[in-house]
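Values reported hereafter were calculated over all heavy atoms of this structure, with side chains retained and with hydrogens, waters and symmetry mates removed.
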Amino acid sequence: MQLALTPDARGAIRLVPVAKAGFEAWLKKQPPEDRAWLQATGFGAEPGRFAFLPAAGGKPTRVVIGADLKADPVWAIAGLPEALPEGRYRLEAKLKAADATRLALGWALGAYAYTRYKKPKRAFAKLVWPDNADRAEVERLAQGVFLARDLINTPAEDLGPMDLANAAKAVAKAHGAEFSVISGEALLKRNYPTVHAVGRAASRAPCLIDFHWGKRNAPKVTLVGKGVCFDTGGLDLKPPAGMLQMKKDMGGAAVVLGLASALMSAKAKIRLRVLIPAVENSVSGNAIRPLDVVRTRSGKTVEIGNTDAEGRLILCDALTEADSEDPALLVDCATLTGAARVALGPELQAYFTRHDPLARALDAAGEKASDPMWRLPLWAGYRRMIDGKVGELNNVASSPHGGAIIAALYLAEFVKPATRWIHIDLFGSNASSRPGRPEGGEATGLRALYRVIRAKYG
């Protein structure tokens, strides 16, 4: 993992951050030759812009960058690793430890590239570690985010259910976690019928990934991630355009693995459990059919109103198992509904919880980590819309409205009301590139959840 951060300050060019709002006042204090140069080049400290200042012999010693370090410490300079020429740079700013850590993390995240199938065009510019930055924290969070991004960006041909299981096993093994996987027909014997039902049509067998880490008497924190490695929609087949993003339908699993990696690296004082139902939702002669009825791990029966609402089906078995241990905190992450994106767009992640203190903590963590979350209601009035006609429940509502809420209400049927539970309906991708957030797979929600868990349990 290359973070584009270095302890070597030899020959480093100074980065001078200037916010646009204070640029004119700053400019008046500069030497006449520097003022003339910046005015001649049209530099106005716009965010993301930079200007090299010439020095004797033609070798630059300073770069003025348009950056408001107070407004958004994570992303203020995150676009520079790619924008600046290769070389070493040193930030000329007095920073508190927390801000230095966030700026270093933003730089690290801006130096990400997915390189499995093609080499990068150039190396990233390197930043000398800012004074006071928590290097271990930056490294563990960047590693978690990079892991999630890599998994989401990998095509389904190279990331089927067992490939995802192997990736999870590598994470578990790196931290000494107890790992197991239940695959194929064994899912029926071990009572994970909806995981099997969704994945049975694929040539690659479905599985349930499960690992534990930490002291047994520590507070139990359980993470559940949706691992649909590719989603055709099943017999309710998606149109071609609808499948173009479906390699990322395991984004919830990727975020959970990245989060677990960061928490274990931090030696969080928790008993961590990770559950990932991993499947492909495919089409064949034995595919699950509309109006089939499936008996879930909980014993509840579910009528299949739409085979393209498969994520909630595999999650309900995993949530039933997770909730059976009465965890102190239960979190599930899933690229579950397009309705959440219609409501909030790609940059805000929708979440649901019955517990107001959890919501307040997650809101604050998302704001502090620049990983924004937005609470949607578990509106009880819509619960009747998932009553089944033949089965006890239907996996979809007859109405097209409130789709994200309907999906969350379905999942809530498998979690006890007293459980401190968060359901995150995430996007798992950047629709377009922004500083530090290249187009493609993204660990949406990871840093906010990490902050909540560390704040509560250490």
Checklist entry - Under the 3.5 angstrom rule, does the side chain of Ser433 hit a backbone N or O of Glu439 as a donor-acceptor pair? => result yes
Next on the checklist: Using only atom types and a distance under 3.5 Å, with no angle test, would you say the side chain of Asn395 pairs donor to acceptor with the backbone of Leu313?
Outcome noted: no
Checklist entry - Are the side chain of Arg149 and the backbone N or O of Pro438 linked by a donor-acceptor pair below 3.5 Å? => result no
Checklist entry - Quick check: are there more than 12 heavy atoms from other residues, nucleotides or ligands sitting under 6.0 Å from CZ of Arg10? => result no
Checklist entry - So Leu235 and Val283, side chain to side chain contact (heavy atoms under 4.5 Å, CB included) or not? Walk me through it. => result CA-CA 6 Å; Leu235 291 176; Val283 178; 3.8 Å; yes
Checklist entry - Short question: side chain of Arg88, backbone of Gly11 - any donor-acceptor pair under 3.5 Å? => result no
Checklist entry - Do Arg49 and Phe43 come within less than 4.5 Å of each other through their side chains, counting heavy atoms only? => result yes
Checklist entry - Are any side-chain N or O atoms of Arg35 and backbone N or O atoms of Gln30, one a donor and one an acceptor, separated by less than 3.5 Å? => result yes
Checklist entry - Val171 versus Met264: any side-chain heavy-atom pair under 4.5 Å? => result yes
Item to check | Member of Lys173, Lys169, Arg271, Arg273 meeting the salt bridge (Lys or Arg N to Asp or Glu O under 4.0 Å) criterion with Glu178 | outcome: Arg271
Next on the checklist: Check Arg447 with Glu137, please: is the shortest side-chain N to carboxylate O separation under 4.0 Å?
Outcome noted: no
Checklist outcome for this item: Asp72 meets the salt bridge (charged side-chain N to carboxylate O under 4.0 Å, His left out) criterion, sequence neighbours left out, with none
Checklist entry - Taking only residues two or more places apart in sequence, or in another chain, which ones meet Asp308 in a salt bridge (charged side-chain N to carboxylate O under 4.0 Å, His left out)? => result Lys238
Next on the checklist: Quick check for you: to the nearest 0.5 Å, what is the distance between Arg454 atom CZ and Leu449 atom CG?
Outcome noted: 14.0 Å
Next on the checklist: Whether the Thr101 and Asp134 side chains hold a donor-acceptor pair (N or O, under 3.5 Å, no angle test) is what I'd like checked.
Outcome noted: no
Got a list of side-chain donor-acceptor pairs under 3.5 Å for residues 358-369, not counting sequence neighbours?
| residue | atom | partner | partner atom | Å |
| --- | --- | --- | --- | --- |
| Asp363 | OD1 | Tyr351 | OH | 2.8 |

Checklist entry - Checking side chain to side chain contact (heavy atoms under 4.5 Å, CB included) for the pair Tyr89/Leu80: CA distance, chi angles, key distance, verdict? => result CA-CA 10 Å; Tyr89 299 85; Leu80 294 179; over 6 Å; no
Next on the checklist: What verdict does the side-chain hydrogen bond (donor to acceptor under 3.5 Å, both in side chains) test give for Thr337 and Asp425, after you've listed the backbone C-alpha separation in whole Å, the side-chain angles of each residue and the deciding distance to 0.1 Å?
Outcome noted: CA-CA 7 Å; Thr337 70; Asp425 192 336; 2.6 Å; yes
Side chains of residues 241-263: which donor-acceptor partners sit under 3.5 Å, not counting sequence neighbours?
| residue | atom | partner | partner atom | Å |
| --- | --- | --- | --- | --- |
| Lys247 | NZ | Asn153 | O | 2.8 |
| Lys248 | NZ | Phe427 | O | 2.6 |
| Asp249 | OD1 | Lys226 | NZ | 2.9 |
| Asp249 | OD1 | Thr335 | OG1 | 2.6 |
| Asp249 | OD2 | Lys226 | NZ | 3.2 |

Item to check | side chain to side chain contact (heavy atoms under 4.5 Å, CB included) between Asp323 and Phe414, intermediate numbers included | outcome: CA-CA 8 Å; Asp323 198 39; Phe414 302 90; over 6 Å; no
Checklist entry - Can you check whether Thr307's main-chain N or O pairs, donor with acceptor, with Asn281's side chain at less than 3.5 Å? => result yes
Checklist entry - What are the two closest non-hydrogen atoms of Ala142 and Leu105, and how far apart are they? => result N-CD1, 4.0 Å
Item to check | Backbone of Gly440 reached by a side-chain donor or acceptor of Ser429 within 3.5 Å | outcome: yes
Next on the checklist: Enumerate the ring pair (Phe, Tyr, Trp, His ring centres under 6.0 Å) contacts for residues 143-178, please, sequence neighbours excluded, ordered by first and then second residue.
Outcome noted: Tyr112-Phe146
Checklist entry - Is it true that Arg204 and Glu280 make a salt bridge, defined as a side-chain N closer than 4.0 Å to a carboxylate O? => result yes
Next on the checklist: What I'd like to find out is whether the side chain of Ile209 reaches to under 4.5 Å of the side chain of Phe179, using heavy atoms alone.
Outcome noted: yes
Please list every donor-acceptor pair under 3.5 Å in which a side-chain atom of residues 157-164 meets a protein atom from a residue at least two apart or in another chain.
| residue | atom | partner | partner atom | Å |
| --- | --- | --- | --- | --- |
| Asp158 | OD2 | Tyr117 | OH | 2.6 |
| Asp163 | OD2 | Gly160 | N | 2.8 |

Next on the checklist: I'd like to know if the side chain of Trp107 reaches the main chain of Ala4, judged simply by a donor and an acceptor atom lying under 3.5 Å from each other, with no hydrogens or angles considered.
Outcome noted: yes
Item to check | Beyond-backbone contact of Ile406 with Val396, side-chain heavy atoms, under 4.5 angstrom | outcome: no
Item to check | Under 3.5 Å donor-acceptor, Trp26 side chain and Ala19 backbone | outcome: no
Next on the checklist: With side chain to side chain contact (heavy atoms under 4.5 Å, CB included) as the criterion, how do Val64 and Leu53 come out once you've worked through the C-alpha distance, each side chain's angles and the decisive distance to 0.1 Å?
Outcome noted: CA-CA 7 Å; Val64 184; Leu53 292 175; 3.7 Å; yes
Item to check | Euclidean distance, Glu347 CD relative to Arg434 CZ, rounded to 0.5 Å | outcome: 3.5 Å
Checklist entry - So how far is it from Leu272 CG to Lys215 NZ, rounded to the nearest 0.5 Å? => result 15.0 Å
Checklist outcome for this item: dist Leu95:CG -> Asn132:CG (nearest 0.5 Å) comes out at 7.5 Å
Next on the checklist: With side-chain contact (heavy atoms from CB on, under 4.5 Å) as the test, pick out the partner of Leu329 among Lys220, His355, Arg420.
Outcome noted: Arg420
Next on the checklist: I'd like to know if the side chain of Asp210 reaches the main chain of Leu275, judged simply by a donor and an acceptor atom lying under 3.5 Å from each other, with no hydrogens or angles considered.
Outcome noted: no
Next on the checklist: Would you say CD of Glu321 has more than 12 non-hydrogen atoms from neighbouring residues, nucleotides or ligands within 6.0 angstrom?
Outcome noted: yes
